[in-house]
J.: 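Okay, here's the structure, questions in a sec.
We number each residue from 1, following the sequence as shown.
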Amino acid sequence: MLTPEQKYLAGKLRNPDADNEWKDWRWQIRHSIRDIETFEQLLDVRFAPDEKTALMETVKRFPLSITPYYLSLIAREDFRNDPVFKQAFPQAAELIVTHYDMPDPLDEDSDSPVPGITHRYPDRVLFHVSNTCSMYCRHCTRKRKVGDADFIPDRQTLLRGIAYIRDTPQVRDVLLSGGDPFMLDDQTLDWILGELRAILHLEVIRIGTRMPVVLPYRITPALVAMLKKHHPLWINTHFNHPREITASARQALAMLADAGIPLGNQSVLLAGVNDCPRIIKRLVHKLVQNRVRPYYLYQCDLSEGLAHFRTPVSKGIEIMESLIGHTSGFAVPTYVIDAPGGGGKIPLVPQYLVSWSTHKVILRNYEGIITTYKEPDSYEPVFCDRNCDACKLSLNLEEASECEATGLQKLLADYDDAISLVPRDNDRYQRRTLHKPNEETTS
Ligand SMILES: *Cc1c(COP(=O)(O)O)cnc(C)c1O
């Protein structure tokens, strides 16, 4: 059953067999809205000439594509305030580049050992398997790349990526991303997943896709049957607003969940779209009703063209304050900033630890109650030299291949002698090198 809005759009798109074709994902992609004029025509709106010129300039820099399905979610009477419109339709403000904006704020290209792979964390990699999307999110962090013909991964590139994963035994988790991996046909995706599954050290495969949000008809019985063969497979999707969880989206999510695929959701905090504790709470409740676990809430990245979407970090903290304790623990996402310069995701949590003595910890809860937790009277610390045979915990790890400790974990580890982490360009350490050129200055 199509909604009245969908019937109206189908008619405008001269769709003779609305009920069947409308739900055909390839029809949706063929009829995606890629220019301002078609948008005006379909939504019965007119932009002023100045605005239209500015919009067309924006589209030249950052491509426009909206599936008829996603377009049908826009409330036409007040479209300028519509959360779907704001995520899908360009704004002239995208061309404003502020001093802090960067084309690649997460340094994904610098951490790329072979084209298409970003290897940032010790045990997992991002694998860009597609460069296109059915809908181009205006808030995309990879705006510089998507839709650009120069970045389309061909079979050769995909093979090199797969070879890198095969040759890198510490990679136990691969995250297929893009673009949208579900833009690939089932056969290609099946081939990639099969190649990856054959790698013994690879424990899990994840797919990041926005299809359940912008083109739920892509989730077909055939796709799901194919995915099921490659377990353990996890999927993360990207709902930002409760309005996006429609009957069609719910059906797509149910098909994936019924196939035993654990579902997560990553939202981005966006000014004018979802920067409101009530909207986010409604969103996470609808997600868990549909068996989707809210995973991350992202602070908007410093990518070029996103300045108008950014909220202060305080807004995110305020939202987290409204969720933690107030609702089901599994409905609460982790609020993160993806560190500019490629530091990875950094979690941000409101402050709950109020104070601390050797005997007691003072905490506050979500209601504002100040409480104490009594530390144990005696606790015998165990020195860990990573010799599990001699450890009374008897946690013999069979052949577990561990990565060397890094960061604060390195400072905490008993078996590592490092006592400090020193920035590479610390002046004082550089002076030491100048005065005693032969001495080692850092560990
Ligand atoms: C987000 C991300 C991952 C996955 O991180 P998780 O916290 O495990 O979800 C991996 N690699 C890169 C480059 C990422 O940005």
Side-chain angles (χ1 to χ4, degrees), residues 25-26 29 113-134 152-239 249-266 287 290-293 295-296 400-401:
W25 69 277
R26 294 183 189 277
I29 288 179
V114 295
I117 296 266
T118 302
H119 192 173
R120 161 149 317 141
Y121 295 105
D123 67 342
R124 55 207 188 279
V125 297
L126 201 61
F127 189 8
H128 304 264
V129 295
S130 155
N131 176 54
T132 55
C133 293
S134 57
I152 295 175
D154 55 17
R155 199 156 266 247
Q156 208 54 39
T157 312
L158 293 174
L159 278 169
R160 280 181 74 191
I162 292 164
Y164 177 81
I165 295 163
R166 189 182 298 120
D167 296 341
T168 315
Q170 65 267 37
V171 177
R172 42 160 291 285
D173 172 8
V174 170
L175 170 45
L176 302 186
S177 180
D180 197 314
F182 285 167
M183 286 299 276
L184 302 174
D185 57 44
D186 294 3
Q187 218 184 341
T188 309
L189 207 52
D190 189 23
W191 169 73
I192 296 174
L193 292 170
E195 291 289 310
L196 291 173
R197 230 339 121 227
I199 300 172
L200 289 179
H201 60 258
L202 196 60
E203 296 172 3
V204 290
I205 302 175
R206 297 192 248 180
I207 297 176
T209 175
R210 209 178 180 197
M211 287 292 187
V213 187
V214 297
L215 184 47
Y217 315 132
R218 174 66 185 96
I219 312 305
T220 59
L223 174 74
V224 172
M226 183 276 286
L227 294 174
K228 254 176 106 160
K229 296 190 304 181
H230 300 286
H231 272 310
L233 182 77
W234 295 57
I235 288 183
N236 263 335
T237 186
H238 176 34
F239 288 92
R250 283 202 299 271
Q251 193 187 342
L253 295 171
M255 286 166 71
L256 294 168
D258 286 346
I261 302 171
L263 301 173
N265 186 71
Q266 320 198 139
L287 286 169
N290 288 285
R291 293 181 276 174
V292 182
R293 169 87 156 87
Y295 183 54
Y296 283 138
S401 56

J.: In Å and rounded to the nearest 0.5 Å, what is the CG to CG distance from Leu184 to Leu189?
T.: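 These two atoms lie 5.5 Å from each other.
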J.: Could you report the tightest heavy-atom contact between Leu233 and His231, atom names first, then the distance?
T.: N-ND1, 3.3 Å
J.: Does atom CH2 of Trp234 have more than 12 heavy-atom neighbours, drawn from other residues, nucleotides or ligands, at distances under 6.0 Å?
T.: no
J.: List for me each residue that meets side-chain hydrogen bond (donor to acceptor under 3.5 Å, both in side chains) alongside Asn236, sequence neighbours excluded, and say none if there are none.
T.: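 Listed in chain order: Gln266.
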J.: Taking all non-hydrogen atoms of both residues, which atom of His201 and which atom of Val171 are closest, and how far apart?
T.: CD2-O, 3.0 Å
J.: Under the criterion side-chain contact (heavy atoms from CB on, under 4.5 Å), I'd like the reasoning laid out for Asp173 against Arg206: C-alpha separation, chi angles, the key distance, then a yes or no.
T.: CA-CA 7 Å; Asp173 172 8; Arg206 297 192 248 180; 2.8 Å; yes
J.: Which pair of non-hydrogen atoms, one from Pro181 and one from Gly208, has the smallest distance, and what is that distance?
T.: CD-O, 3.0 Å
J.: Roughly how far, to the nearest 0.5 Å, is CD1 of Ile235 from CG of Leu176?
T.: 10.0 Å
J.: Holding to ring-ring contact (aromatic ring centres under 6.0 Å, His included), I want the full list of residues that pass it with Tyr296, two or more places apart in sequence or in another chain.
T.: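 Per chain and number, Tyr296 pairs via ring-ring contact (aromatic ring centres under 6.0 Å, His included) with Tyr298.
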J.: Please determine whether side-chain contact (heavy atoms from CB on, under 4.5 Å) holds for the pair Met183 and Thr188, giving the CA-CA distance in whole Å, both sets of side-chain angles, and the decisive distance to 0.1 Å.
T.: CA-CA 10 Å; Met183 286 299 276; Thr188 309; over 6 Å; no
J.: Find the distance between OG (Ser177) and CG (Leu126) and round it off to the nearest 0.5 Å.
T.: 5.0 Å
J.: Under the salt bridge (Lys or Arg N to Asp or Glu O under 4.0 Å) test, which residues partner Lys228, sequence neighbours left out?
T.: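 For Lys228 there are no salt bridge (Lys or Arg N to Asp or Glu O under 4.0 Å) partners, ignoring immediate neighbours.
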J.: Do you know which two heavy atoms are closest between Pro212 and Ala249, and how far apart they sit?
T.: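 Shortest heavy-atom contact: O-CB, 3.4 Å.
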J.: Are the side chains of Ile117 and Phe127 in touch, meaning some heavy atoms are under 4.5 Å apart?
T.: yes
J.: In sequence, state the C-alpha distance, the side-chain angles, and the governing distance for Ile207 and Ile261, and then conclude on side-chain contact (heavy atoms from CB on, under 4.5 Å).
T.: CA-CA 10 Å; Ile207 297 176; Ile261 302 171; over 6 Å; no
J.: For a 4.5 angstrom cut-off between non-hydrogen side-chain atoms, does Pro216 reach Met211?
T.: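 When only atoms from C-beta onward are counted, Met211 and Pro216 do not touch, as no gap falls below 4.5 Å.
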J.: Salt bridge or not for Asp190 and Arg197, using N-O below 4.0 Å?
T.: no
J.: Can you pull out every ring pair (Phe, Tyr, Trp, His ring centres under 6.0 Å) where at least one residue sits in residues 167-190? Sequence neighbours excluded, please.
T.: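 Sorted pair list comes back empty.
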J.: Heavy atoms, side chains only, cut-off 4.5 Å: are Leu256 and Val224 in contact?
T.: yes
J.: Quick one: which of Val129, Leu196, Ile199, Val204 gives a side-chain contact (heavy atoms from CB on, under 4.5 Å) with Val174?
T.: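 Only match with Val174 under side-chain contact (heavy atoms from CB on, under 4.5 Å): Leu196.
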J.: For the OG1 atom of Thr168 and the CD atom of Gln170, what is their distance to the nearest 0.5 Å?
T.: 6.0 Å
J.: Using residues 157-165 as the side-chain source, report each donor-acceptor pair under 3.5 Å to any protein atom, sequence neighbours left out, with the distance given to one decimal.
T.:
from	atom 1	to	atom 2	distance (Å)
Thr157	OG1	Asp154	OD1	2.5
Tyr164	OH	His119	ND1	2.6

J.: Taking the side chain as every heavy atom from C-beta outward, state whether Phe239 and Leu253 have any pair of such atoms under 4.5 Å apart.
T.: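 Yes, at least one pair of side-chain atoms sits under 4.5 Å.
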J.: Taking all non-hydrogen atoms of both residues into account, name the closest pair between Ser130 and Pro153 and its distance.
T.: N-CG, 3.8 Å
J.: I'd like to know if the side chain of Asp185 and the backbone of Gln187 have a donor-acceptor N/O pair within less than 3.5 Å.
T.: yes
J.: Taking it one step at a time, do Val125 and Thr118 satisfy side-chain contact (heavy atoms from CB on, under 4.5 Å)?
T.: CA-CA 6 Å; Val125 297; Thr118 302; over 6 Å; no
J.: Looking only at heavy atoms, which two atoms of Arg291 and Leu263 are closest? And how far apart?
T.: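 For Arg291 versus Leu263, the nearest heavy atoms are O-CB, 3.8 Å.
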J.: By the side-chain hydrogen bond (donor to acceptor under 3.5 Å, both in side chains) test, which pairs, at least two apart or in different chains, include something from residues 208-221?
T.: Trp22-Tyr217, Gln87-Arg210, Asp180-Thr209, Asp186-Arg218, Arg210-Glu244
